[in-house]
Each structure stands twice: as structure tokens, then as C-alpha cells.
Amino acid sequence: MNEESAVLKVRKQKAEELESLGVSLFPNRFRPKDHAGPLKEIFAEYDNEKLMSIKDSFCLAGRIMSRRDFGKAVFMHIQDETDQIQIFVKRDEIGPENFKLFKKYIDLGDIIGVEGPLFRTKTGELTILAHKLVLVTKAFRPLPEKYHGLQDVELRYRRRYLDLIMNQRVREIFRTRSQIVQFLREYFQSQGFLEVETPMMQPIPGGATARPFKTYHHALERELYLRIAPELYLKRLLVGGFERVFELNRNFRNEGISVQHNPEFTMLEFYEAYATYEDLMVRTEEIFSSLAREITGHTCITYQGHKIDLTPPWKRIGFKEALIQIGKVPPEVLESREKTLSWAKEHNIKVDEKEKILGKLWAKLFDALVEPQLIQPTFVVAFPVDISPLARRNEEDPSVADRFELFIAGREIANAFSELNDPRDQRARFEEQIRRRLADDPEIHPEIDEDFIRALEYGMPPAAGEGIGIDRLVMLFTDAPSIREVILFPHLRPEGQRG
RNA sequence: GGGUCGGUAACUCAGUUGGUAGAGUAUCGGCCUUUUAAGCCGAGAGUCGCAGGUUCGAGUCCUGCCCGACCCA
């Protein structure tokens with residue numbers, strides 16, 4: 001398709017004509033004083049007679065979303081950030097010259113400024129009678145179809161601005177997202193947590209197992225990695241004496257894209273000295289249930305057809321118990337690597353035959369058999385230590401960590417543990433990870449973060465820490481089926497030749 | 001990486017067993033001073049994702065590639 005569609009050409013030409021008549025296409029002096037939403041709210045109960053008795057003139061700006069033309073009058077709806085409101089333009093009100101210009105040169109999609117009194121039409125709609133009308137911003141491109149809006153998913157993501165103009169629900173999702181983030185900030189600040197910012201570019205990417213993005217710093221002459229997690233830096237702050245810290249920002253993982261994964265995603269991590277993972281379960285219940293009340297007014301939400309009850313307390317179950325009770329894995333299968341492997345194969349669960357770490361095999365079973373069934377909020381506790389390299393060992397059973405993951409709607413939403421603060425054990429676990437590198441696991445970075453060990457050697461107070469995936473949380477609260485629906489500009493391949 | 005589905009006018013979509021591409025909205029011209037998916041009359045608008053192939057003839061069948069959605073790995 002050619003560079004300029006016919007409509008685009010016509011519009012640019014009309015715009016130039018208008019400009020040559022002395023009308024500015026992009027003036028910046030208009031100052032709206034009112035907004036559609038509040039006006040509709042304030043005057044909801046006013047009938048036409050009462051509205052006419054108000055002498056006030058109102059002044060607002062917005063984009064023309066629809067238009068119904070008559071010979072000497074025009075109805076249209078303009079949309080500002082809050083809502084749409086109807087405007088009535090009459091030749092007798094704005095004068096024949098202005099009306100002629102308006103009819104010929106003002107298009108759907110233009111942003112205009114309006115001043116005038118309110119009235120109610122025959123059908124009862126609150127409407128502004130335009131006394132004054134000015135062009136604020138000329139639109140060269142036409143809006144999508146007024147009835148169906150913008151449907152094409154690809155176009156919605158590539159031109160999110162259009163999606164936001166056309167689809168009210170999309171605007172709502174991102175308002176809710178902002179509300180959630182703001183709630184969390186206020187919650188943690190009110191609980192005495194300090195908001196901090198730690199490096200996004202790290203010399204050794206740590207705190208999780210994932211493939212990092214690599215970059216290069218010329219002045220330092222060294223490779224840096226976009227962080228896969230802030231964990232190791234936040235713990236250094238515990239060593240430094242801050243007892244409650246949180247960070248709410250982006251992580252980057254150079255892995256697949258799916259309905260649950262975007263290469264950059266937002267994570268809340270918080271650390272609390274002198275607390276345990278059990279304290280964090282209570283805190284998590286408190287956060288989610290009060291967040292639900294804040295957003296929806298109650299503690300139940302609906303996600304993709306599931307009714308989900310966030311009222312505390314939530315179910316707790318051990319990792320192995322979950323495999324046995326929920327995943328229906330026979331207990332004896334978990335006795336050895338060999339039995340686990342062959343059982344997995346029998347049941348068509350894809351596992352790496354060379355996998356040496358029993359915990360990783362169990363995790364595969366868990367992902368396949370348990371996770372999808374955890375619809376109601378569930379804390380899974382007592383994770384195998386060999387897949388929890390930064391978590392404290394349980395005192396009674398050193399094969400498991402004092403750790404939980406929170407599942408809601410069949411997805412992992414949060415991950416938390418009592419922090420390992422013994423530098424000797426931490427070094428041993430890092431070294432074990434390095435050893436596994438021989439098994440050719442590209443996810444594990446070969447370098448030990450020596451400075452982190454050194455920090456622990458100065459003494460980190462006992463603490464618990466938690467990470468909550470904000471994008472998935474927002475999905476839950478906005479009933480969004482894909483992570484792309486809650487990320488303003490999700491990553492896509494560069495576009496081919498499209499209009 | 002594999003599978004399924006999709007890509008046709010600016011937007012939303014039709015397009016039959018292969019026979020020269022349609023509608024609605026939007027746009028342009030005309031009529032209309034309480035409409036709201038306004039209405040009526042008229043007009044223009046397409047590299048059918050891209051490149052090959054089969055065929056007298058391809059939007060339609062075949063192959064490869066690009067982009068997207070979903071599922072699987």
C-alpha cells in the first residue's frame with residue numbers, strides 16, 4: 001500500500017488550506033478549565049430548565065470522536081481524559097463564517113476547545129452549546145471505525161496511542177495498574193519500608209536463574225548485564241543497616257515471550273530484617289486482600305471465569321505434599337531421581353534425562369501437574385533446597401528451604417523466603433551452582449559475586465524477602481488474559497510494511 | 001523451535017466448486033437546526049502480507065518467507 005493513503009492526502013491538503021486562511025493548526029494557548037467526567041457527575045440530576053438557569057459558561061478541550069451533521073447545526077462527542085461529552089454547534093451561535101470553516105475543515109480526530117453553557121437535549125443528554133469553538137490540534141490521520149473501534153491486536157500493541165483513544169477498557173486497565181503501584185508504594189512506606197533504587201546494570205547478574213541481556217560500557221571497558229533481579233543488592237542494604245527496604249522497578253530476562261512473559265517486566269521486591277517467611281505469608285495476605293478492597297471494594301475477584309477469594313487466611317501446603325495430593329504423584333516416585341525420571345516419562349511430562357538435580361525434576365512435575373490447579377490463593381512451602389540457592393535451610397529438615405511461592409489462578413505470583421545469611425553456606429551453594437555449569441546449564445552465570453559474600457561476612461541480620469510480579473498482579477486485578485494487555489508497549493518484532 | 005488459525009480499502013469485515021474485488025464506517029460533493037451506529041442522493045478509494053509456482057485464468061490451489069494470535073517445547 002502506498003505511503004500516503006487517499007484520506008491522509010486529503011486531510012493534509014485541507015489542513016494547508018486552513019492554515020493559509022490564517023488559522024493555526026497547532027496553537028498552544030487554549031487552557032481548558034473543565035472536564036467531561038466531572039461535569040456529567042455534578043449535573044447528573046439537573047433537568048434542562050435547571051441547567052438553563054445556570055449562567056456559567058464551561059470550557060473544555062477534547063478529541064472529536066463522533067459527529068452528526070445537519071445543514072446549519074452539528075452534534076458531536078468530544079473525549080478528554082475523563083470521558084466523552086456531547087457538543088452542539090449551531091450556525092446561529094458561532095456565526096455563519098465560523099460555522100462554514102468549522103464544517104469544512106474540522107474533522108473527526110481533531111482536538112478542539114469549546115466554551116459554552118450546558119443544556120439537556122430532547123433525549124436527555126447533557127450537552128454543551130458551543131458559543132466558542134477553536135481548533136487546538138489538527139489530526140492528519142483518520143480514526144478507526146467508530147462502532148467496532150480498533151480490533152486488530154497487532155495494531156493495538158504497535159499503536160497503543162490509538163488503542164487508548166478508541167478503547168475505554170484499555171485506558172481503565174492502565175489506570176488500575178497505576179492505582180495498584182501507588183497502593184503498594186503507600187503500603188510499604190506506611191510500614192516503615194524505605195524505597196530504594198539499585199543498579200539496573202550489573203557486572204554479575206544475580207538473584208535469579210535466567211539468561212541476561214548483555215551490554216558494554218566503553219569507559220569502564222567491561223561488559224555489564226541488565227539485571228535479572230535486584231535481590232543481591234537489596235540484601236547488601238540489610239547489611240548496611242536499613243532494616244526494611246523495597247524496590248519496585250523493571251527486571252530484564254532474555255528469554256521467550258508468552259502470555260505470561262515479557263522481556264522486561266516489573267517486580268516488587270521487599271526485605272524485612274528480623275522477620276521470617278512465615279511473617280511474610282501474613283503480610284502477603286494483608287497486602288492482597290486490602291489491595292482487592294481498594295480496587296474492587298471487596299476481597300473476591302473474577303479472573304477469566306474463575307471466582308477467586310482473597311480473604312485470609314489462604315491455604316498452605318508443602319511442595320512435596322502438593323505433588324502427592326494435588327499432582328497425584330505416588331509418594332515412592334519421589335524417593336529417587338531414577339524413579340522420578342521414569343514416572344515423568346510414563347506420564348508424558350517432558351524432562352531432561354541428564355538433569356542431575358532432583359529438585360529441578362520435581363519442579364517440572366509441579367509445573368505440569370500442580371500449578372494449573374492452584375486457582376484459589378495457595379502458599380506452597382518447604383521448597384527443595386537445591387532449587388533455592390539464596391534461601392535459608394529449614395532447621396528441622398535441612399533438605400528444604402524456608403520458602404514459599406504464592407499461586408493464584410494457576411500462576412506463580414510471588415516468591416519469598418527467609419534469607420540465607422550464613423556466608424559459608426552461601427558460598428557453598430554458589431560453588432555448587434558453578435559446578436553444575438559443567439552440566440551445560442546456560443541459565444547459571446559462572447561467576448560468584450564475591451562482594452556479596454563479603455557483605456554477608458560483615459553480618460546480615462536475619463531477614464525475609466519477597467518478590468511480587470507486578471504485571472501478573474495487574475493481570476489478575478484487570479482480568480487480563482495476556483501480559484501484553486497490562487504493558488503499555490509490549491515488545492514485538494519490527495513491523496513490516498503496513499499502513 | 002513445532003502445531004493451529006489469521007493478514008483483502010484508513011478501520012471493521014464478506015468474498016461460493018479457480019473466471020478480472022464487495023459492504024458498512026471513514027473520506028469527497030449535495031440536502032437537512034435536537035442528533036447519538038442520525039438520515040437521504042451521488043462519487044472516489046485496493047501491490048488481496050511478500051516472493052515464486054501450477055493454470056488459458058489465482059484473493060481462492062501449491063512452495064518458501066515476513067508479521068501477529070493461541071497452544072506446545
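- A donor and an acceptor atom, one from each side chain of A:R411 and A:Y303, are located under 3.5 Å apart.
- Neither OP1 nor OP2 of B:U35 sits under 4.0 Å from any side-chain N or O of A:R68.
- Within 4.0 Å of A:F119, counting heavy atoms only, lies at least one base atom of the nucleic acid.
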Measure all distances between protein nitrogen or oxygen atoms and nitrogen or oxygen atoms of nucleotides 70-73 of chain B, and list the pairs falling under 3.5 Å.
from: B:C70; atom 1: OP2; to: A:R484; atom 2: NH1; distance (Å): 3.0

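- As rounded to whole Å, 16 Å separates atom C1' of B:U34 from atom CD1 of A:I128.
- Each of A:D92 and A:V10 was matched to the nucleotide of RNA chain B holding its nearest heavy atom; the match closer to the 5' end belongs to A:V10.
- Side-chain N/O atoms of A:R63 and A:Q84 include no donor and acceptor closer than 3.5 Å.
- For A:R493, no side-chain nitrogen or oxygen approaches OP1 or OP2 of B:C66 to under 4.0 Å.
- A:R67 forms a cation-pi arrangement with A:F102, by the criterion of a distance under 6.0 Å to the ring centre and an angle within 45° of the ring axis.
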* To do: Evaluate the criterion side chain to side chain donor-acceptor pair (under 3.5 Å) for residue pair A:E485 and A:Y157; output intermediate values, then yes/no.
  => CA-CA 9 Å; A:E485 292 295 331; A:Y157 296 155; 2.7 Å; yes
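- Considering only side-chain N and O atoms, A:K72 lies nowhere under 4.0 angstrom from the phosphate OP1 or OP2 of B:C31.
- Note on ring orientation: taking the six-membered ring where Trp is involved, the planes of A:F404 and A:F379 are perpendicular (angle over 60°, cut-offs 30° and 60°).
- Between A:K146 and B:U12, a side-chain N or O to OP1/OP2 separation shorter than 4.0 Å is absent.
- Here the two rings, on A:F407 and A:F366, have centers that are under 6.0 Å apart.
- Remark: C1' of B:U34 and CZ of A:F75 are 4 Å apart, rounded to the nearest angstrom.
- Contact annotation: side chain of A:Q86 to base of B:U35, donor-acceptor pair present below 3.5 Å.
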